[in-house]
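All remarks here apply to the structure that follows.
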Amino acid sequence: MAQIRLTNTRTRTKEDFVPIDAGNVRLYLCGPTVYDRAHLGNARPVLVFDLLVRLLRHVYGEDAVTYVRNFTDVDDKINAEAQRRKAAGRAGTLEELIAGRSDETIGWYHKDMDALGALRPDHEPRATAYIGQMIEMTRDLIAKGHAYEAEGHVLFDVRSFPDYGKLSGRSVDDMIAGARVEVAPYKRDPMDFVLWKPSDADLPGWDSPWGRGRPGWHIECSAMSAALLGPSFDIHGGGIDLQFPHHENEIAQSCCAHPDAGFARVWLHNEMLQVEGKKMSKSLGNFFTVRDLLDRGVPGEVIRFVMLSTHYRKPMDWTEAKAHEAEAVLRRWHGLVGGIEPAASPAPAVVGALSDDLNSAGAIAALHELAAKGDGASLLASANMLGLLLPGMGSWAEAGDAAADQIAALLEARLAARQARDFATADAIRDGFAAAGVEVKDTPQGPKWSLAAGFDAARLAELAKVYGS
RNA sequence: GGUGGGUUGGCGGAGAGGUUACGCACCGGAUUGCAAAUCCGUGAAGACCGGUUCGAUUCCGGUACCCACCUCCA
């Protein structure tokens, strides 16, 4: 059995991964707030965890992993969108419009992540389905002296938890010194954060011991992870931007509510995504969603490949050049494994690289070596472990029947021209293929073709009209 | 200001205290009507300064630059 090693943010070291229960390895990933389409950056933690889950299933068994990823559907932006719809005359109560907006967004999210080859988690809890548990946990924290009520809010008392700040390496005093937030007057300490806050009449709310209100963001994940995975589990992940305050606050809540449990053993944080060397932001105009890319014809498999070609703990730069390179590699590999059955198990070099703190770039290098050796069966089985070259995934790399017929006719015309030593016509067809994105290789067994990056069906059809009699 | 991360060949991007990463591109050869593809092969790196060491790109310290978080953006 391969020994998995993971960099634990909590200890800041790479550690041997030892599950609490090897028969049930439990993971929690902070999921999206479902107010809009997932942008490209949202895909990174999903793909990192997808890779981790595939590796854990390989090592511990298909049924030995429980993967939870939540949907945050209590949020101001969802409310705002629902209120906008109501103002625009949409039918239904505000609650129904909010649920409708969430349902719609979750549907998009599933479609987009499916397109990237990401496995659905075993549980995808929605925050609104766990309000009771959140209220209960909040009540418990008050009873244990870690939270207090003030002006309809319930606040967590950070001074009651000596380890507060340990995950992110900050002291409470440092944070106060650097804080740029205005401090609500009812807070005992500027760093105290909300567990429960009152809701206006025109916003969704739930009855609680502290009046009608709604949960704070951080308590959602603490309550849902406890409900589905128990008070202690193996791995908790998310983007590095969540390390503080979200994960810090989760630890404070969960460890104070369950003092002996220890909460998550290993914390995994992925670095951020950039676009052409810059942070992706609406103001820079380089903001785009996963759906934007898919609609532009960038296959999900290509997006996945590009994401996995950078180690998860390094900032990753999305560039057009990388997408093109990935597409070319995947086309070649699809051609190499066509009609081949996968080997019984992935190559040790690939499993080894992944086991070493999810070294996906190293694993891809090992795939290149398998491809260079022409070992299609091992390449296929190994690529599958990375969620690449999976059945049905390569349809983007295949030509339709019409294109295939046109190419066949053109190849025949070119052969005839060459035999007649009409090299001008033969070369014109060849140049036409290149312009249309069809790659032709002349082998001793005759010409072989495949589609290259930027295949253009319209140009091919035009070419066929001219030469393909 | 505080905290964390990064800086590897033309580009992307890993590992390892001493031996080829890998991919793309480039160059040479084979092949070809000429090409492409393919095959074979060559070259090319470790921000800067110091320290430890027989030996460091790899460990330690410092400097510079870049990035992120500290503001419910993954």
Side-chain angles (χ1 to χ4, degrees), chain A residues 9 12 29-33 35-36 38-49 72 74-77 165 167-171 173-182 191 193-194 197 216-218 220 237-246 248-249 269-274 277-282 287 305-306 309-311 313-317 319 321-322 324-326 328-329 332 335 349 352-353 356-357 359-372 374 417-419 421-424 426-427 430-431 433-434 438-444 447-450 452:
Chain A
T9 313
R12 293 171 204 290
L29 175 66
C30 288
T33 301
Y35 65 92
D36 206 351
H39 67 249
L40 191 61
N42 291 307
R44 195 169 188 200
V46 172
L47 290 175
V48 168
F49 252 59
T72 295
V74 180
D75 178 78
D76 288 337
K77 292 184 193 116
L167 177 74
S168 49
R170 305 152 200 252
S171 76
D173 294 317
D174 286 345
M175 288 187 273
I176 293 167
R180 285 177 256 160
V181 242
E182 226 177 286
M191 285 298 116
F193 57 91
V194 168
K197 57 182 160 189
W217 175 40
H218 314 296
E220 296 177 13
I240 189 72
D241 57 331
L242 292 185
Q243 187 186 33
F244 187 89
H246 183 54
E248 196 74 69
N249 293 353
H269 289 102
N270 61 276
E271 256 294 344
M272 309 302 273
L273 177 122
Q274 298 181 309
K278 294 204 164 83
K279 176 175 171 152
M280 184 163 79
S281 73
K282 286 179 177 165
F287 182 96
F305 187 100
V306 172
S309 65
T310 299
H311 187 89
R313 281 190 299 107
K314 284 201 168 186
M316 123 120 232
D317 198 14
T319 64
K322 282 186 186 178
H324 285 134
E325 196 177 316
V329 168
R332 203 179 325 130
D356 181 13
D357 200 24
N359 183 358
S360 49
I364 287 175
L367 295 183
H368 279 297
E369 287 175 28
L370 293 173
R418 289 174 74 183
Q419 281 169 346
R421 301 196 68 78
D422 176 7
F423 295 124
D427 290 353
R430 179 217 293 161
D431 293 345
F433 272 139
V438 179
E439 217 163 62
V440 176
K441 307 171 188 177
D442 290 320
T443 73
K448 282 188 171 176
W449 59 269
S450 59

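Chain A is the first sequence line, chain B the second, and so forth, proteins listed ahead of strands; every chain is numbered from 1. This one's a predicted model, so the numbers in the text were calculated from it and none came from an experiment.
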For [N] versus [M], give the span between their [atom1] atoms, rounded off to a whole number of Å.
{"N": "B:rG5", "M": "B:rC40", "atom1": "P", "value": "42 Å"}
{"N": "B:rC27", "M": "B:rA35", "atom1": "P", "value": "13 Å"}
{"N": "B:rG62", "M": "B:rU7", "atom1": "C1'", "value": "16 Å"}
{"N": "B:rA45", "M": "B:rC39", "atom1": "P", "value": "26 Å"}
{"N": "B:rG12", "M": "B:rG2", "atom1": "P", "value": "31 Å"}
{"N": "B:rG46", "M": "B:rU57", "atom1": "P", "value": "8 Å"}
{"N": "B:rC69", "M": "B:rU63", "atom1": "P", "value": "24 Å"}
{"N": "B:rC11", "M": "B:rA44", "atom1": "C1'", "value": "12 Å"}

For the pair made of [atom1] in [X] and [atom2] in [N], what is the distance, rounded to whole Å?
{"X": "A:Met316", "N": "B:rA14", "atom1": "CE", "atom2": "C1'", "value": "15 Å"}
{"X": "A:Phe305", "N": "B:rC24", "atom1": "CZ", "atom2": "P", "value": "10 Å"}
{"X": "A:Glu271", "N": "B:rG4", "atom1": "CD", "atom2": "C1'", "value": "9 Å"}
{"X": "A:Ile240", "N": "B:rG5", "atom1": "CD1", "atom2": "P", "value": "9 Å"}
{"X": "A:Glu248", "N": "B:rU3", "atom1": "CD", "atom2": "P", "value": "15 Å"}
{"X": "A:Glu369", "N": "B:rC22", "atom1": "CD", "atom2": "C1'", "value": "6 Å"}
{"X": "A:Ile364", "N": "B:rC24", "atom1": "CD1", "atom2": "P", "value": "13 Å"}
{"X": "A:Arg44", "N": "B:rA74", "atom1": "CZ", "atom2": "C1'", "value": "10 Å"}

Contact check, side chains of [X] and [Y], non-hydrogen atoms, under 4.5 Å:
{"X": "A:Met316", "Y": "A:Val306", "result": "yes"}
{"X": "A:Arg44", "Y": "A:Thr310", "result": "yes"}
{"X": "A:Asp442", "Y": "A:Arg430", "result": "no"}

Does any nucleotide pair with [N] by Watson-Crick or G-U wobble geometry, both distances under 3.5 Å, and what is it?
{"N": "B:rU3", "value": "B:rA68"}
{"N": "B:rA14", "value": "none"}
{"N": "B:rU52", "value": "none"}
{"N": "B:rA25", "value": "none"}

How would you label the contact of A:Asn42 with the nucleic acid (heavy atoms, under 4.0 Å): base, sugar-phosphate, or nothing? base

What does A:Glu325 touch in the nucleic acid at a heavy-atom separation under 4.0 angstrom: a base, only the sugar-phosphate, or nothing?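 Base contact.
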
Side-chain N or O of [X] less than 4.0 angstrom from OP1 or OP2 on [N]?
{"X": "A:Lys314", "N": "B:rA14", "result": "yes"}
{"X": "A:Thr310", "N": "B:rG13", "result": "yes"}
{"X": "A:Lys77", "N": "B:rC72", "result": "no"}

From [options], nucleotide with atom closest to [X] side chain:
{"X": "A:Arg12", "options": "B:rC22, B:rC69, B:rG4", "result": "B:rG4"}
{"X": "A:Phe244", "options": "B:rG12, B:rA14, B:rC69", "result": "B:rC69"}
{"X": "A:His39", "options": "B:rC73, B:rA68, B:rG15", "result": "B:rC73"}

For A:Gly362 and A:Gly238, find the nucleotide of RNA chain B closest to each by heavy atoms; which residue's nucleotide sits nearer the 5' end? A:Gly362

Go nucleotide by nucleotide along RNA chain B from the 5' end; which of A:His311 and A:Met272 gets its closest nucleotide reached first?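 Taking each residue's closest nucleotide, the earlier one in sequence belongs to A:His311.
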
If you measure from [atom1] on [X] to [atom2] on [Y], what distance do you get to the nearest 0.5 Å?
{"X": "A:His311", "Y": "A:Asn270", "atom1": "NE2", "atom2": "CG", "value": "10.0 Å"}
{"X": "A:Lys314", "Y": "A:Glu271", "atom1": "NZ", "atom2": "CD", "value": "10.5 Å"}
{"X": "A:Glu325", "Y": "A:Phe305", "atom1": "CD", "atom2": "CZ", "value": "8.0 Å"}
{"X": "A:Ser168", "Y": "A:Leu242", "atom1": "OG", "atom2": "CG", "value": "12.0 Å"}
{"X": "A:Asp317", "Y": "A:Met272", "atom1": "CG", "atom2": "CE", "value": "13.5 Å"}

Does any N or O in the side chain of A:Gln243 come within less than 3.5 Å of the main-chain N or O of A:His269, such that one atom is a donor and the other an acceptor?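 Answer holds: no.
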
Mark yes or no for a side-chain to base donor-acceptor pair under 3.5 Å between A:His269 and B:rA74, with no hydrogen or angle criteria applied.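 Per atom types, no contact qualifies.
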
Using a cut-off of 4.0 Å between protein heavy atoms and nucleotide atoms, how would you tag nucleotides 25-43 of chain B 5' to 3' with B, S and -? --------BBBBS------

For the side-chain contact (heavy atoms from CB on, under 4.5 Å) test, which of A:Asn249, A:Asp75, A:Thr72 pairs with A:Trp217?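 Output: one option passes, namely A:Thr72.
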
